[in-house]
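Residue numbers start from 1 in every chain, and the chains themselves are labelled A, B, ... in the order their sequence lines are given, proteins ahead of strands.
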4 protein chains.
Amino acid sequence: MSAGVNKVILIGNLGKDPEVRHLDNGATVANFSIATTESYKDRNTGQRVDQTEWHNIVLWRGLAEVAEKYLKKGDSVFIEGKLRTRSWEKDGVTRYTTEVVGDQMTMLGNKRGGSDDNNQDYSSNNNDSGMGRSQQTASAASNTPDTDSEMDDLPF
Amino acid sequence: MSAGVNKVILIGNLGKDPEVRHLDNGATVANFSIATTESYKDRNTGQRVDQTEWHNIVLWRGLAEVAEKYLKKGDSVFIEGKLRTRSWEKDGVTRYTTEVVGDQMTMLGNKRGGSDDNNQDYSSNNNDSGMGRSQQTASAASNTPDTDSEMDDLPF
Amino acid sequence: MSAGVNKVILIGNLGKDPEVRHLDNGATVANFSIATTESYKDRNTGQRVDQTEWHNIVLWRGLAEVAEKYLKKGDSVFIEGKLRTRSWEKDGVTRYTTEVVGDQMTMLGNKRGGSDDNNQDYSSNNNDSGMGRSQQTASAASNTPDTDSEMDDLPF
Amino acid sequence: MSAGVNKVILIGNLGKDPEVRHLDNGATVANFSIATTESYKDRNTGQRVDQTEWHNIVLWRGLAEVAEKYLKKGDSVFIEGKLRTRSWEKDGVTRYTTEVVGDQMTMLGNKRGGSDDNNQDYSSNNNDSGMGRSQQTASAASNTPDTDSEMDDLPF
DNA sequence: TTTT
DNA sequence: TTTT
C-alpha cells in the first residue's frame with residue numbers, strides 16, 4: 001500500500017559503465033547515470049542549445065545483475081522506477097541526492113553491434129535475467145525463498 | 001521478461017458501479033469503465049467542445065476485491081496498467097475490445113464524503129487490500145501459497 | 001483543459017511500414033501497428049508462453065511525416081500518446097477500434113544499420129523533424145501560421 | 001527534439017502552500033513540495049513502516065498561476081513533468097537539488113469541500129486556467145504573442 | 001560521464 | 001504484422 005504515485009520513466013544513455021557492489025547479505029546493487037538531452041532555441045541568440053540532464057539510477061538484486069552483465073558506457077536503456085532522495089553528511093554539511101530506483105529496465109541497444117538482439121525487458125519482480133530464475137533470486141536476496149511470484153505465471 | 005513496454009496511466013471517473021465476478025477457480029475479476037474528458041476549441045465555431053473517452057478497465061484478484069468493496073459510480077481513480085485487445089465472435093463477426101488490465105490503483109476520492117481519507121494505493125503485487133494479507137491472496141489465487149512477495153518488505 | 005489523465009507509453013516494433021495519407025486540408029496522418037510481447041510461464045505446462053499485443057498507432061502532421069520518412073517495418077519506437085476509441089459501421093454493425101494517438105515519438109533503432117544514430121525524439125508540439133521547422137509545420141497544417149510555440153524556446 | 005525520454009508522474013499532497021514569485025520579465029514561477037508515501041513491512045520487526053518521499057515541484061507561467069490561485073497545503077495533485085537537477089553554491093560547497101518541472105497538473109481534491117468539482121487538468125501548452133486564455137498567456141510570458149497553439153483546437 |  |  002502507498003498513498004500517492006511516484007513514477008519515473010527514462011530513456012537515456014549510460015555515461016559510464018555501471019558500478020556494481022555485492023553486499024554482505026547477498027544483495028547486489030548497481031549504480032550508474034544516464035543522460036537525457038533536450039534541445040531548445042535560445043530566445044536571444046536564436047541558436048539551438050542542448051540541455052543534458054543526468055539521472056542517478058539505482059538497481060537492486062536481479063536488475064543489478066543484469067546491469068552488471070549487459071550494460072556498458074554509452075548503452076541506451078529504458079528505466080521505470082521511483083524517485084528517492086537520500087541525505088548524507090559530509091564535513092558537517094547535510095547533502096541530498098535524488099536517485100531513480102529502477103523496477104523495470106529494457107535495454108534498447110548499443111554500438112557494440114547486435115543492438116536490437118538484446119532488446120529485452122527486466123523487472124524487479126520476475127527475475128528472468130537469463131542466468132536462470134532461482135539463481136537470480138538467490139543472489140538478489142540470499143535468505144529469501146524463491147517463491148516470490150507464483151502469480152506471474154498468469155498472463156494478467 | 002518481455003520485449004517492449006506496454007503502459008497505460010489513467011485518471012478518470014467510473015461510469016457505473018464495477019461488475020464483479022467470482023470465478024470457479026477462486027479468482028475475482030472486476031470490470032468497469034472510466035471516463036476521461038478533453039476539451040478543445042472547435043476551429044469553425046470557436047466553441048469549447050468536450051470529448052469524453054471511455055476506458056474499459058479489468059482488475060484481477062486483490063485489486064478486483066478492492067474495487068468491489070470501495071469503488072462506486074462517479075468515483076475518481078488512478079489506474080496504471082497495460083493494454084490488451086481481446087477478440088470475440090458474435091453473429092459470425094469477429095469483434096475486438098481493447099481493455100486496460102490494471103496492476104496499480106489509487107482511489108482519489110468520491111462525493112460520498114471522506115474523499116482524501118480514502119486515498120490509498122493498491123497494486124497487483126502486494127495484496128494489501130485491508131482485509132488482511134493472506135485472506136487477500138487466497139481469494140485471488142486459491143491454490144497459490146502466500147509467499148509471493150518476501151521482497152516487498154524491503155523499501156527498495 | 002481536461003478532466004482526468006489519459007496517457008499511454010509504448011515501446012515496440014512496427015509490424016509493417018507505416019501507411020501515410022496526405023489529406024486535402026494539407027494534414028498528414030500515419031497509421032501503423034507496433035507489437036509488445038510479454039512472456040509468462042504457463043501454470044500447467046510450465047512452458048514459457050509469449051503473448052504479443054498489437055497497438056494501433058495514429059500520428060498527425062509533423063509526427064506523421066517523420067514516420068513516413070524514417071520508420072520501417074521492424075523498427076523499434078517509443079510512443080507516448082493517448083487512447084481514443086472510434087466507432088464505425090460495417091454491414092449494419094457498429095464496430096469499435098481503439099487507437100493510440102501519439103504526441104511524442106522516439107526512434108530506438110532498426111536493423112538497417114546505424115541504430116543509435118537515429119535515436120531522436122519528436123513531439124507533436126515542436127515540429128523539429130529535420131527538414132526545418134517552418135516547412136514541417138506548413139505541411140502538418142497548411143493554413144496554420146507557424147507561431148505555435150514561442151514558449152518552447154525556453155528550457156522549462 | 002531531444003534525445004531520450006525524461007518523464008515523471010506523481011500524485012501527492014502539498015506539504016505547504018505554494019511559494020509563488022512574479023519575475024521582472026512577467027513570468028510567474030511556483031514552488032512547492034508534495035509527499036508520496038509508500039509503506040512496507042520491516043523484515044525484522046514485522047511492523048508496517050511508512051516511507052514518505054518529498055518531491056520539489058516547479059511550475060512556470062500559467063501552471064504557476066493556477067497553483068497560486070487554487071492549491072493549498074494538504075491538497076492532492078497529479079503532476080506530470082521532467083526531472084531537472086540544479087547546482088548552487090553555498091559556503092563554497094556545491095550543492096545539488098533535483099526538481100520536477102511540471103508541464104501538466106490535475107487537481108484531485110482537497111478537504112475544504114468540493115473535491116471533485118475542482119478536478120481539472122492544466123497543461124503548460126494550453127493556458128486554460130479559467131481566467132481566460134489570453135490573459136493567462138500574457139502573464140506567463142509577457143512579450144510572447146498569444147498564438148502558441150492554433151493546433152490545439154483540433155481534438156487530436 | 002552519454003547520446004544525437 | 002514485429003521483435004527476442
Side-chain angles (χ1 to χ4, degrees), chain A residues 10-19 31-40 48-57 66 70-79 105-112 114-122 128-130, chain B residues 1-6 85 87 96, chain C residues 10-19 31-40 48-57 66 70-79 105-112 114-122 128-130, chain D residues 1-6 85 87 96:
Chain A
L10 301 170
I11 295 180
N13 300 90
L14 279 79
K16 298 182 182 173
D17 289 358
E19 294 176 11
N31 291 272
F32 56 89
S33 292
I34 67 173
T36 58
T37 302
E38 185 179 13
S39 91
Y40 62 94
R48 279 272 140 202
V49 181
D50 279 353
Q51 184 166 312
T52 294
E53 202 63 42
W54 286 97
H55 310 274
N56 302 311
I57 310 297
V66 172
Y70 299 110
L71 286 184
K72 294 290 178 198
K73 172 178 175 174
D75 288 0
S76 176
V77 281
F78 168 91
I79 299 278
M105 177 173 75
T106 299
M107 297 183 290
L108 299 171
N110 56 57
K111 304 221 160 184
R112 301 187 298 279
S115 86
D116 270 342
D117 305 333
N118 224 16
N119 184 333
Q120 299 212 333
D121 184 75
Y122 299 94
D128 224 319
S129 67
Chain B
M1 186 201 75
S2 54
V5 170
N6 175 1
T85 299
S87 66
Y96 298 89
Chain C
L10 302 170
I11 294 179
N13 300 91
L14 278 79
K16 297 183 181 174
D17 290 358
E19 293 176 13
N31 291 271
F32 56 88
S33 292
I34 66 174
T36 58
T37 302
E38 185 180 12
S39 93
Y40 62 95
R48 280 271 141 204
V49 181
D50 279 352
Q51 184 166 312
T52 294
E53 203 61 44
W54 286 96
H55 310 275
N56 301 311
I57 311 296
V66 172
Y70 298 110
L71 285 185
K72 295 288 178 199
K73 173 179 174 174
D75 288 0
S76 176
V77 281
F78 168 92
I79 299 277
M105 177 173 74
T106 299
M107 296 183 290
L108 299 170
N110 55 59
K111 304 221 159 182
R112 301 187 297 279
S115 88
D116 270 342
D117 304 335
N118 226 15
N119 183 333
Q120 298 211 335
D121 184 75
Y122 300 95
D128 225 319
S129 68
Chain D
M1 185 200 75
S2 54
V5 170
N6 175 2
T85 299
S87 66
Y96 298 89

Nearest-angstrom distance from the residue atom CG of L108(C) to C1' of dT3(E): 13 Å

Sugar-phosphate, base or nothing in reach of T52(C), heavy atoms under 4.0 Å: base

M105(A) side, atom CE; I57(A) side, atom CD1 - distance, nearest 0.5 Å: 10.5 Å

Rounded interatomic separation in angstrom, taking CG from L14(A) and P from dT2(E): 11 Å

Sugar-phosphate only, base, or nothing, as touched by K16(A) at under 4.0 Å among non-hydrogen atoms: base

Integer-rounded Å distance: dT3(F) C1' and F78(A) CZ: 16 Å

Length of the CZ-P vector between F32(C) and dT3(F), whole Å: 15 Å

From dT1(F), dT4(E), dT4(F), nucleotide with atom closest to D50(C) side chain: dT4(F)

For atom CD of Q51(A) and atom C1' of dT4(E), their distance in whole Å: 16 Å

Listed partners of K73(A) passing side chain to side chain contact (heavy atoms under 4.5 Å, CB included), at least two apart: D17(A)

d(CG, N110(C); P, dT2(F)) in whole Å: 16 Å

T52(C) side, atom OG1; I34(C) side, atom CD1 - distance, nearest 0.5 Å: 12.0 Å

Near-parallel close stack of W54(A) and dT1(E) base (under 5.5 Å, under 30°): yes

Whole-Å distance separating the CD atom of E19(C) from the C1' atom of dT2(F): 15 Å

Flag, side chain of D50(C) to backbone of S39(C), donor-acceptor distance under 3.5 Å: no

E38(A) CD to dT4(E) P, straight-line distance once rounded to whole Å: 18 Å

